[in-house]
Amino acid sequence: MIGFASLIAGAVLLLLLLAAAINGWLASRPLGTGPAAGEEDATEPCPEELVNRVFSCADWEFVRGLKAAGIERLFEQERKKVALVWVRQTCAMVRKVMREHAGAARQSKNLEFPTEINIFAQFLILMGVCGILSAAIQLAGPLWLGSLAYFAQRLSQRVSKLQETFQAGALANAREAPSA
Amino acid sequence: MLSQSIWWSSIVLEVFLLTRGVSGRLIFRYPAFYGYISFVLAQSIFRSFVHRWSEELYSSVYWTTEFLGLILGCWIVFEIYRVALAAYPGTAKMARKILLFLFVLALAKADVALWSDPRLLAETTALQMERALRTVQAIAIVALVTVFASYSIPFGRNLRGILLGYGLFIAERVICLAFVPVAGKDFWFYAYSASYLVALGLWLGYLWSYQVIPEAENAQLERDYQLIMTTTQRRLQEARGQLRKAVRL
């Protein structure tokens, strides 16, 4: 058991150091360096209009009304590209927020350990959501994302309902068992 | 033959590294690191003498010096932490808490293992003990590197070399120790010995001459942590709101 744990620890350290060497995480960079390439535009969040437009079905319904298969295909492709750019930009913005936070917090003498862990967890969750969103857009397209989320919500509700029914049944069985 | 060439190469590289350290006055900047190299050099020569005198004594000398080296290795990790985070009290506090948590966890695990099987300590071989201690060391370095990377701590070339070399050495050792046989010489035995050569090569390249650690030239003035934290959380919540909106539309 300890052999396997050692192997995992060694492999993780090796990969981390290789990544650090390749990405220059431990580079001799001065403090307060500018944002990484591609993240310069992510200073501010995208306008709300854009999010409303990209993920809403209004435009799609209009295009579908034209009854031209070529335009529909082109529209879908373009929307997918714009949605992916938006996800990437949101992702870059989150990374920038964390970089700026790290830059400011590293010199703070009264840094709080639980708060830092909480912020890091939030960052990881957001990055995970961005990854899932990106994969969902690639697979289903931005227009079906709303319905996909609705479907997932319905599914989880159904699962929890089933679980409640199952628990109620199990409780009823448990109550009946001693009397039998 | 291969063991001999690895041994001689290590000696030559260690002498060369120490010579460069003295001539570049790096030895005064990184005393723990050069202390470790001097110790390993002295231990190699001492072990070879003991090996000629008495085969029986060799085993106990080997394991005593091996564990002393392991303790001195922890001193290198402490030196990396001390030098790199001298200007960053916030990150230093974070690193301390994480390392403390890991050591408490390792102690608790060892305690539970001993509690469930009191004969464990008597039955554990020196090789297994080294593997367990090196694993704890590897986990501590992983935590430290993660903290350095998360807080974008600027590293000088020399310190980066020490960390990369020592980290690589520990990673290779830990992997090799998972496979190395108790008796006999196979690939993993030679890989275990050669892992130190790789680290020495890296150290020689990175510690050829002294390089200044990037100073906190345009470091921001220390801001109130509560303000930093509130701003970050607000901005992260904004991003979360945007993502939620995209899914709900």
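Naming convention: chains lettered A, B, ... in sequence-line order (proteins, then strands); numbering from 1 in each chain.
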With a cut-off of 6.0 Å (strictly less than), are more than 12 heavy atoms of other residues, nucleotides or ligands near CZ of F101(B)?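 For F101(B), atom CZ is not crowded (no more than 12 foreign heavy atoms under 6.0 Å).
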Tell me whether K80(A) at atom NZ has more than 12 heavy atoms from other residues, nucleotides or ligands lying less than 6.0 Å away.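 Yes, the 6.0 Å shell around NZ holds more than 12 heavy atoms from other groups.
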Look at L85(B), L236(B), L159(B), T146(B) and state which one has the largest set of heavy-atom pairs under 4.5 Å with chain A. L236(B)
Working to the nearest 0.5 Å, report the span between [atom1] of [X] and [atom2] of [Y].
{"X": "L17(A)", "Y": "L163(B)", "atom1": "CG", "atom2": "CG", "result": "6.5 Å"}
{"X": "M94(B)", "Y": "F120(A)", "atom1": "CE", "atom2": "CZ", "result": "8.5 Å"}
{"X": "R173(B)", "Y": "S6(A)", "atom1": "CZ", "atom2": "OG", "result": "14.0 Å"}
{"X": "K93(B)", "Y": "L111(A)", "atom1": "NZ", "atom2": "CG", "result": "6.0 Å"}
{"X": "L7(A)", "Y": "C176(B)", "atom1": "CG", "atom2": "SG", "result": "10.0 Å"}

Test salt bridge (charged side-chain N to carboxylate O under 4.0 Å, His left out) on R235(B) and E100(A); report intermediate values, then the result. CA-CA 11 Å; R235(B) 291 173 74 189; E100(A) 284 176 3; 2.7 Å; yes
Over all atoms of both residues, closest heavy-atom pair of [X] and [Y]:
{"X": "M229(B)", "Y": "H101(A)", "value": "CA-CE1, 4.5 Å"}
{"X": "A171(B)", "Y": "G10(A)", "value": "CB-O, 3.5 Å"}
{"X": "A5(A)", "Y": "T135(B)", "value": "O-CG2, 4.3 Å"}
{"X": "L13(A)", "Y": "G167(B)", "value": "CD2-O, 3.4 Å"}

Would you say the side chain of Q233(B) lies within less than 4.5 Å of the side chain of N118(A), judging by non-hydrogen atoms?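 A side-chain contact under 4.5 Å exists here.
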Is any side-chain heavy atom of E116(A) less than 4.5 Å from a side-chain heavy atom of Y151(B)?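 The answer is yes, as the side chains (C-beta and beyond) meet within the 4.5 Å cut-off.
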Under the side chain to side chain contact (heavy atoms under 4.5 Å, CB included) rule, collect the residues that match up with S134(A), sequence neighbours excluded. L84(A), V87(A)
When heavy-atom pairs shorter than 4.5 Å are enumerated against chain B, which of V97(A), L14(A), I125(A), I8(A) gives the highest number?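 Greatest number of close heavy-atom pairs with chain B: V97(A).
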Hey, which of A9(A), A102(A), C130(A) has the most heavy atom pairs under 4.5 Å with chain B? A102(A)
Reference residue V12(A); test side-chain contact (heavy atoms from CB on, under 4.5 Å); the match among I141(B), V142(B), V174(B):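 One option only clears the test, and that one is V142(B).
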Taking G90(B)'s backbone N and O only, do any of them form a donor-acceptor pair with K109(A)'s side chain (distance below 3.5 Å, no angle check)? no
